[in-house]
Amino acid sequence: MRFSAIAGRRALAAGLLLIALIAALGWAGLRWSLGQAEAAADAAAGQAARTHVALLSSELQKFRLLPLVLAEYPDAAATLGDRSAAARARLDRTLAQLAQRTDAAAIYVVDSTGTTQAASNWNSPASFVGQNYGFRPYFRDAMARGSSEFFALGTVSGRPGLYLARRIDRDGRALGVVVVKVEFDGVEAAWARTPGMSFVVDAHGVVLVTGMPQWRFRAIEPIDAATLAALRRTLQFGANPPAAAPLSIDGARAVVGDKVQYRVAIAPAPLAGGRLFHLSPLDPPLAAARSQALIVGLGLLLVTAIGAGLLIRSTETRRLQAQARTALEEEVVRRTAELRDANAQLVVESDERAEADRRYRNAREELAQANRLASLGQITAGVAHEINQPVAAIRTFAENGVTLIERNAPGKARENLARIVELTARIGTITAELRAFARRRAGAGGTATLGSVLDGVMLLLGERARGVVRVDLSADLRGVALAGDRTRLEQVVINLVQNAIEAVEGQAGARVTISAATTDDAVDLAVADNGLGLDPAIAATLFTPFTSGKPEGLGLGLAIARDIAREFDGDITHVPGDTGATFVATLRTA
């Protein structure tokens, strides 16, 4: 009996030890599986967050250029500055076309009082024209700082969106603001198709962009009273304050509602103070972890109980591994197809950007050609004077030649004919220079000496430059070879010299000086005048298109000249001075 009792106690102890060992192994397996599940969920959340940030950045990239371009649009300034009805009508149609082509929700132009003067929805019942947005932060900030971005609920449309604002300046005066409203329906739809939940919050923790419409304008963090008052005043999120979102975040762990658990990934969003959150569900990997732990525990129990359990466990493991491999292969195929589609989309976008770049270059060349033709119109009077003198001399020599032949003086007649040939050659040189300057040039190759470029400039300017322009250039500098087409280099210098001549016209002692100095791999060609100098109001925007100090000027000459110089790796800069104006063209040597 005693032996039996001892044996029984030992068997009981062994059984309890075995149960404890199995429980410990099962707990360890569960913890390991839980760690693996959290790691997998974290990786999925991080990848989704990066992908969604990239999609949002790409969407915003194309819209952030629109206010910059429209702020320089002439009809915008004419509508705000001159109150031109014709300009306003053209601007309405232009904004409507831009909104349709870019998928912008709305584009509108607001004057300095906050009243909308033109809008893309000008002909709709919900038109913004006549609405006053002076209370909106994006208007006030743009007028104060030049640009602004503001996410808010539309006061007329009732739809949320990001407002991109840019101030319109002319002659140092703020005329108003151009606003582009961007809505993110496409981005939110793409996010909604991804497992889990994605949303972007602002600096106060208010949800702005989300694949879950019921969470929009809810707060994931407490908001202080001062901020709530400011939100009510600006109607950023409507009349009601943001309610709390049904979400609790603790580090990388989040709970939605009462019990649904997620893993959290956070990435900076391309909005001011914005953050993108992606919540990857933890229940599926947790369920898999519990199943795996249960299988392992049963396998250990079966191995301890009977040897046959080893075979069963081995078979189940191989089955699970086969399923995992199949799932992995399917996932690889799916991801490969997604990458292939993404690559194809990138190729299409690359082709579109290359085509846009080609159109931009063609447009720039057309503008440069128009500038050359406009310059020809200004120098025609001087060239006509240069040609008129040789033509008059040719007529005189020809009449004298007839008289000499009649007097039987062939030697003198030959001398007259020789002079006529020289004069016609001079006319040919002038007209050849005109034809070369007017000819369309698109290439960026070729070389020309500094002397030949200046000779061509002086020949084209002719009488207009005589007595005013002085070329201070040594013989060794004349032979320096410059990188670039001679005609386009002449266009750069003619723009600078013509501006200088116009600056001193009608002034006693008018003088324009052209000088040059060499550096390691370039020539600095300076054009200086003794005029009244530049108006400080336009000095900072000299090279901006459509900025001019002349009432009749288009403001394109300096911008085109600098583009041509930069095409040949050079540049044009304005050098401030006490009197007059000095511009320096840096031209690369060949």
Side-chain angles (χ1 to χ4, degrees), residues 34-61 63-64 149-153 160-164 182-224 227-228 231 236-237 241-286 288-289 331 335 338 342:
L34 178 59
Q36 292 297 310
E38 289 180 344
D42 288 343
Q47 178 62 37
R50 290 188 294 273
T51 302
H52 293 175
V53 165
L55 178 61
L56 182 61
S57 299
S58 176
E59 184 73 7
L60 287 175
Q61 180 96 20
F63 288 108
R64 281 180 169 146
E149 293 187 5
F150 184 68
F151 198 103
L153 189 70
L162 178 64
Y163 294 82
L164 307 174
V182 183
E183 296 178 359
F184 300 96
D185 295 347
V187 173
E188 292 175 339
W191 290 1
R193 292 192 292 268
T194 303
M197 296 182 287
S198 291
F199 54 89
V200 172
V201 300
D202 64 7
H204 305 298
V206 179
V207 177
L208 303 180
V209 185
T210 175
M212 302 162 294
Q214 69 274 18
W215 280 33
R216 183 175 288 110
F217 296 158
R218 291 201 171 202
I220 66 171
E221 301 169 358
I223 303 177
D224 59 77
T227 302
L228 286 174
L231 295 179
Q236 181 175 1
F237 305 124
L247 172 68
S248 174
I249 299 178
D250 182 11
R253 179 176 176 273
V255 177
V256 175
D258 295 331
K259 59 181 179 179
V260 182
Q261 299 186 53
Y262 293 84
R263 298 296 291 181
V264 181
I266 306 174
L271 298 174
R275 294 166 292 163
L276 185 142
F277 287 73
H278 182 78
L279 278 58
S280 183
L282 190 58
D283 284 347
L286 274 177
E331 181 68 12
R335 292 292 178 91
E338 291 177 353

Ile249 and Ala254 have their tightest heavy-atom pair at CG1-CB, 4.2 Å
Indicate yes or no: at least one non-hydrogen side-chain atom of Pro268 is less than 4.5 angstrom from one of Arg275.
no
Value for CH2 (Trp215) from CZ (Phe277), rounded to nearest 0.5 Å, stands at 10.5 Å
Fill in: Main-chain N/O of Ala152 paired to Gln236 side chain as donor or acceptor, under 3.5 Å
no
* To do: Indicate yes or no for a side-chain donor-acceptor contact from Glu149 to the backbone of Leu271 under 3.5 Å, with no hydrogens or angles considered.
  => no
**Request:** Before giving the answer on side chain to side chain contact (heavy atoms under 4.5 Å, CB included), spell out for Phe151 and Val206 the whole-Å C-alpha distance, their side-chain angles and the decisive distance to 0.1 Å.
**Result:** CA-CA 11 Å; Phe151 198 103; Val206 179; over 6 Å; no
Separation between CG (Leu228) and NE2 (His204), nearest 0.5 Å, reads 9.5 Å
Hits for side chain to side chain donor-acceptor pair (under 3.5 Å) against Gln214, two or more places apart or cross-chain, chain-then-number order -> none
Under the 3.5 angstrom rule, does the side chain of Asp250 hit a backbone N or O of Arg253 as a donor-acceptor pair?
-> no
Correct closest heavy-atom pair for Ile223 and Ala219 would be CD1-CB, 3.8 Å
Query raised in the report: Quick check: does any side chain N or O of Ser57 sit under 3.5 Å from a backbone N or O of Val53, one acting as donor and the other as acceptor?
Result: yes
Taking every heavy atom of Trp191 against every heavy atom of Phe199, the minimum-distance pair comes out as CZ3-CA, 4.2 Å
Take Tyr163 and Phe150 through the ring-ring contact (aromatic ring centres under 6.0 Å, His included) test and state the conclusion after the steps. CA-CA 5 Å; Tyr163 294 82; Phe150 184 68; 7.1 Å; no
inquiry  = Working note: Leu162 + Leu60, criterion side chain to side chain contact (heavy atoms under 4.5 Å, CB included); need CA distance, chi angles, decisive distance, verdict.
reply    = CA-CA 9 Å; Leu162 178 64; Leu60 287 175; 3.5 Å; yes
One should read off an interatomic distance between Leu276 CG and Thr51 OG1, to the nearest 0.5 angstrom, of 10.5 Å
Parallel, tilted or perpendicular: ring planes of His52 versus His278, cut at 30 and 60 degrees:
perpendicular
Shortest non-hydrogen pair, Ile220 vs Ala245, comes out as CG2-CB, 4.2 Å
Looking only at heavy atoms, the pair that brings Ser280 and Ala44 closest together is OG-CB, 4.0 Å
Would Phe184 and Val200 satisfy side chain to side chain contact (heavy atoms under 4.5 Å, CB included), going step by step from the backbone distance to the final call? CA-CA 11 Å; Phe184 300 96; Val200 172; over 6 Å; no
Distance col, row Glu183:CD vs Glu59:CD, nearest 0.5 angstrom, shows 11.0 Å
When rounded to the nearest 0.5 Å, the distance separating OH of Tyr262 from OG of Ser248 is 13.5 Å
Non-hydrogen side-chain atoms of Leu164 and Val182 separated by less than 4.5 Å:
yes
Between Arg216 and Pro160 the two heavy atoms that sit nearest each other are CD-CG, 3.5 Å
Check your understanding: Mind checking whether Pro281 and Arg263 have side chains closer than 4.5 Å, heavy atoms only?
Key -> no
